[in-house]
Protein chains: 2
Amino acid sequence: MQKTAKSLGSKKKAGARLRGHIWLDGSEGTFLGYGRVALMERIREYGSITRAAKALEISYRRAWVMIDSMNRQAPKPFVVTSAGGRGGGGTLVTEDGERAVRLFWKFHEDFQKFLEKEGNKLGVSPIKNKKEKK
Amino acid sequence: MQKTAKSLGSKKKAGARLRGHIWLDGSEGTFLGYGRVALMERIREYGSITRAAKALEISYRRAWVMIDSMNRQAPKPFVVTSAGGRGGGGTLVTEDGERAVRLFWKFHEDFQKFLEKEGNKLGVSPIKNKKEKK
DNA sequence: GAGCGTAATATACAATTATGAATAACGAAA
DNA sequence: TTTCGTTATTCATAATTGTATATTACGCTC
């Protein structure tokens, strides 16, 4: 036990960057987060859980679990599915789902601004990323 | 494919709550977060990684890895260790470490305020927890 | 120099989490 | 009623992460 630091360290934490994750909690834990929003956006794009999962490079099961959890926690389903029929069926995002996606991105946007301001306020490096020129 | 939601769902997401995690990133990924701050606080309390880890109910290895990672990313070590000597050795938090802890809690505090405001702004339930009557 | 309790380190094992493959159910359309 | 591609579901396996245990190094104290 020794070596009490005499001079204080740099105030900027040498390139440290404030980061974070945000999400909405529901009755069963996670209700809406980055993964689920991305999934809904792909479902909107492809009309299919299978293809959306492939595009996101996650397993079908994982995608299905997310949707199931989300729908059970939502007052009304965010996506509706149908098995069988023309094309085998499909999945689409409801108006409620679309609204949830917009709400989440607004939340994210505000959060990014918060991080920016906070970084200045706390004197932590505003460095955004590795390898940025200009 | 059917059943387009006709009436819009509730605006409050029925008890959904905004949540999040924050941390500081460094050159190797996570630099400072809730776990590392809690660890430093316990080290300050006990003067030992072993006892701090026990108090937090994590393995010594995990605690050590956190400290090592943190110290390597910090301009100057946040904790200093010594093996051997009176009492077998020990660990203590440096002034830089203490300052980092304070900075992180300030960050956390501001973040909680942000979540509160954001919940109001977005119209997401201000409900703090399950089981509230009235 | 022996004893002590700690840090430091390696490694086998446990637990958790995600994946991939397989199968059945579905329902419109030909 | 057969076909088709999707959803829904199960299960074994893989990958990841954390734990428990053992061992060595350390350096003050007696």
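Remember, predicted model here, so these are calculated numbers, not experimental data. Order of the sequence lines fixes the chain letters, A, B, ..., with proteins taken first and strands second; residue numbering starts at 1 for each chain.
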Taking A:K117 first and then B:D110, would you say they form a salt bridge - that is, a charged N and a carboxylate O separated by under 4.0 Å? no
More than 12 heavy atoms of other residues, nucleotides or ligands under 6.0 Å from NZ of A:K106: yes or no? yes
Positions of residues 49-59 of chain B (non-hydrogen atom under 4.0 Å from DNA chain D), listed by number: B:S59
Hphob cluster co-occupancy, A:Y60 + A:I58, side-chain heavy atoms under 4.5 angstrom: yes
Is the shortest distance from a Lys or Arg side-chain nitrogen in B:K113 or B:E116 to a carboxylate oxygen in the other one below 4.0 Å? no
Please name all residues satisfying side-chain contact (heavy atoms from CB on, under 4.5 Å) with A:A74, sequence neighbours left out, ordered by chain then number. A:F31, A:F78
CE of B:M66 versus C1' of D:dT17: gap in Å, rounded? 13 Å
Given DNA chain D, 5'-ward residue of the pair B:G87 and A:G88, judged by closest heavy atom: A:G88
Is A:D25 salt-bridged to B:R19, cutoff N-O under 4.0 Å? yes
Between A:T91 and D:dT7, does any side-chain N or O lie under 4.0 Å from OP1 or OP2? yes
Closest nucleotide of DNA chain C for A:A83 versus for A:R61: which of these residues is on the 5' side? A:R61
Taking 5' to 3' order, which nucleotide of DNA chain C is first and which is last to have an atom within less than 4.0 Å of a heavy atom in chain B? C:dG5 to C:dT11
Atom OH of A:Y60 to atom C1' of D:dT9: distance rounded to whole Å? 9 Å
Are A:E98 and A:R102 within salt-bridge range, i.e. N to O under 4.0 Å? no
Determine whether a donor-acceptor pair (N or O, by modelled atom type, separation under 3.5 Å) exists between the side chain of A:Q73 and the backbone of A:T30. yes
Tell me the interatomic distance from A:L92, atom CG, to D:dT7, atom P, rounded to whole angstroms. 11 Å
Side chain B:N71, main chain B:V79, donor-acceptor under 3.5 Å: yes
How many whole angstroms separate atom CD1 of A:I43 from atom C1' of D:dT7? 12 Å
Between D:dA8 and A:T81, is there an OP1 or OP2 to side-chain N/O distance shorter than 4.0 Å? yes
